[in-house]
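Shown next, in structure tokens, is the structure this report addresses.
Residue numbers start at 1 and run along the sequence shown.
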Amino acid sequence: MNLDLERLKENIICWYPFKKGANILKMDTNTQINLDEKFDYIILHEPEKIEVAKKYIKPNGTILLATNNRFGISYFAGASFHGRVYDTILKEKGPLYSKKEIEELLKQQGLENYKFYYPLPNYQMPNVIFSENYLPNENTTKLMYNIIYEKGSVVVFDELKALKQLTKNGLFKFFANSYFVEIKMPENKQNNEIDFISFNNNRKEEYQLITILENHQIKKKMINEKAKKHLKNIELNTKNLKKLGFEMIDDVVGNEIISQYINSDTFDKKLVTLILQGQIEEAENWITKWYEHIKERLLKNKKANFNEKIQATQEELEGLTILKNGYLDLVFENTFYENEKFLFFDQEWYEDGMPIEFLLYRAIQNMYSYNAEIESKYTKQNMLEKFGLSKYIELFQRIEKYIQKDIIDEEMIEFNKQSLVKLHDINETSILYTKIQDFEENDKKQNQYIHDLETDNQKKQKYIEELETDNQKKQAYIQELEEQVQNQKEKKKFF
């Protein structure tokens, strides 16, 4: 049973390195299996079917399991599963499984050679896949993804913010929304060196590329032939930037962009760390150093007129320096700082007639978009004002909109909008829920205060009663004394 790999895209494994001419079975509830046939690969979504799959896999074959995690952060946030909220968390068993439960199933079947991958936002519609050998930290930009919920969800908090904090505390694997598990049979001696995947499923086909971390090399490839021209543009951008004096870690080999793997944080993470530590001036100094570095090289080109495809008044353009070559991906997250050098990579986009100030704006904008927590330490508005960019925001937003309109797929634009609306609604709900909690807490404090006053009043009343009783006793004692005095007087009259 041979399947075209294009038909496997829906199962997130279009990137998987299948053997040429492999015999592949997609196993689902309705699968009819020829009992005499064995397969090189079996793909399934239900962990409990591993035992069945094992019967029909070749001794050197591979079972590929793609499934949602019953303890995925989206389910804790209130995502519905088949119309029920929190069902996957509260049920004692199935239909979804946790990482530990999947590992127990594999152990029961004597399967010890397996590798977990972690697709985000889930295995049905991923744009990034992490592995045991390449896990995110709390500042990884790929933790920002489009949220996806079934109808009937009752979401009460922002899963992106929660996952970031969980990742910071080493809990990413437990709370990942989905798992993709590569399960090798005992005679399978193939080594899969892929540790990380990222692909642009929100772009038009002619711009879709896949980025793979394999054997300590970063490779960028076309997902389809339509993207060949775009790959050539990246090659041209890389060569031109090298000529301008930029240190590039990318090289073109055939139809692939190969980058050396640098095992350290990108420049944006350095800045984020400084801002979170309150070292604002230090962060600004580093941004200035980066900006001077790119200006020194880009301004070697002749100046040009502003891109005529974008409408702008002379007043809006006043004070801006227009570049002949606008390399739009010269941003913080595409930069390393190693051995006292700025190193650049992943330079996909180019536009004529762009202001050099827009490149700095874009770098700052991206940093705040991917790291929302720094806003509370130092606002984006303050940062833009610091570098004299705030007066150009409206123009720069129009430029960004122009850049994106030809790249992003219309359906994905709408999907992204809906995701942002959901995220806004979630945050609004979260704020309302917090207000309710604050009200309840305040109400609880007020009730306690009233209770304390009533208790105090009861004590005072009891004290008053005790005083009155004591007073009555004293009055009775005084009356008794007076009677005794009167009796003594009466007795004296007779003598």
Side-chain angles (χ1 to χ4, degrees), residues 9-13 26-30 43-49 65-102 105 116-130 136 142-167 171-181 201-202 372 409 411-437:
K9 279 187 177 181
E10 62 184 0
N11 301 302
I12 76 159
I13 42 184
K26 178 183 173 185
M27 182 184 289
D28 55 32
T29 307
N30 301 316
I43 304 157
L44 63 151
H45 302 296
E46 298 153 300
E48 65 271 20
K49 289 189 176 178
L65 170 66
T67 184
N68 283 331
N69 170 21
R70 77 184 189 101
F71 294 136
I73 187 61
S74 64
Y75 293 128
F76 277 93
S80 168
F81 178 74
H82 295 174
R84 296 180 65 86
V85 178
Y86 304 124
D87 205 37
T88 68
I89 299 166
L90 299 175
K91 273 191 175 180
E92 193 163 327
K93 187 177 180 182
L96 298 181
Y97 291 74
S98 68
K99 183 174 185 290
K100 183 181 177 182
E101 289 166 340
I102 293 171
L105 283 176
F116 271 79
Y117 292 88
Y118 307 90
L120 291 176
N122 55 34
Y123 82 87
Q124 293 100 327
M125 199 174 179
N127 53 29
V128 62
I129 304 171
F130 295 97
K142 297 298 184 182
L143 286 180
M144 295 292 291
Y145 51 81
N146 290 318
I147 55 174
I148 302 171
Y149 298 120
E150 286 185 12
K151 188 177 180 181
S153 298
V154 185
V155 182
V156 293
F157 65 77
D158 185 339
E159 72 171 78
L160 304 183
K161 291 180 181 177
L163 187 59
K164 193 163 190 172
Q165 293 305 313
L166 292 166
T167 300
L171 296 169
F172 171 78
K173 293 190 287 186
F174 182 86
F175 286 98
N177 283 329
S178 291
Y179 298 126
F180 176 71
V181 194
N201 57 8
N202 61 342
D409 183 271
E411 288 185 9
M412 289 308 300
I413 289 175
E414 185 57 33
F415 180 80
N416 291 343
K417 283 181 182 177
Q418 292 303 317
S419 180
L420 288 172
V421 168
K422 286 179 184 176
L423 198 56
H424 176 267
D425 290 346
I426 290 164
N427 285 324
E428 288 295 310
T429 302
S430 181
I431 291 167
L432 182 60
Y433 184 65
T434 301
K435 286 181 178 178
I436 292 170
Q437 285 182 314

What's the verdict on side chain to side chain contact (heavy atoms under 4.5 Å, CB included) for Tyr97 and Leu105, showing C-alpha distance, side-chain angles and the deciding distance?
CA-CA 10 Å; Tyr97 291 74; Leu105 283 176; 3.7 Å; yes

Run through Phe130, Phe172, Phe175 and flag the one making a ring-ring contact (aromatic ring centres under 6.0 Å, His included) with Tyr118.
Phe172

Donor-acceptor pairs are to be reported for all side-chain atoms of residues 81-94 against protein atoms at under 3.5 Å, with residues two or more places apart or in another chain.
from	atom 1	to	atom 2	distance (Å)
Arg84	NE	Asp87	OD1	3.4
Thr88	OG1	Arg70	O	2.8

Among all residues two or more places apart in sequence or in another chain, which pass the salt bridge (charged side-chain N to carboxylate O under 4.0 Å, His left out) test with Lys164?
Glu373

Would a distance-only check, ignoring hydrogens and angles, find a side-chain to backbone donor-acceptor pair under 3.5 Å from Ser153 to Ser80?
yes

Any idea which heavy atoms bring Leu160 and Asp158 closest together, and the distance?
N-OD1, 2.9 Å

N/O donor-acceptor pair under 3.5 Å between Tyr179 side chain and Leu65 backbone
no

Rounded to the nearest 0.5 Å, how far does OH of Tyr145 lie from CG of Leu163?
5.0 Å

Report the distance from atom CG of Asn127 to atom NZ of Lys142, rounding to the nearest 0.5 Å.
6.5 Å

Sidechain-backbone polar pair: Asn177 side chain, Pro121 backbone, donor-acceptor under 3.5 Å
yes

Rounded distance (nearest 0.5 Å) linking atom CG of Leu143 with atom CD of Glu159:
11.0 Å

Measuring from atom CZ of Phe71 to atom NZ of Lys100, what distance do you get when rounded to the nearest 0.5 angstrom?
10.0 Å

Heavy-atom side-chain contact between Asn69 and Ser98 under 4.5 Å:
yes

What's the shortest heavy-atom distance between Ala66 and His45, and which atoms?
O-ND1, 2.9 Å

Does the side chain to side chain contact (heavy atoms under 4.5 Å, CB included) test come out yes or no for Lys99 and Phe116, once each step is laid out?
CA-CA 9 Å; Lys99 183 174 185 290; Phe116 271 79; 3.7 Å; yes

Distance flag, aromatic centroids of Phe180 and Tyr123, threshold under 6.0 Å
no

Who are the side-chain contact (heavy atoms from CB on, under 4.5 Å) partners of Ala162, not counting sequence neighbours?
Ile73, Phe157

So which atom in Thr67 and which in Pro47 form the shortest heavy-atom distance, rounded to 0.1 Å?
OG1-CD, 3.9 Å

What is the minimum heavy-atom distance between Pro95 and Glu48, and which atoms define it?
O-OE1, 4.2 Å

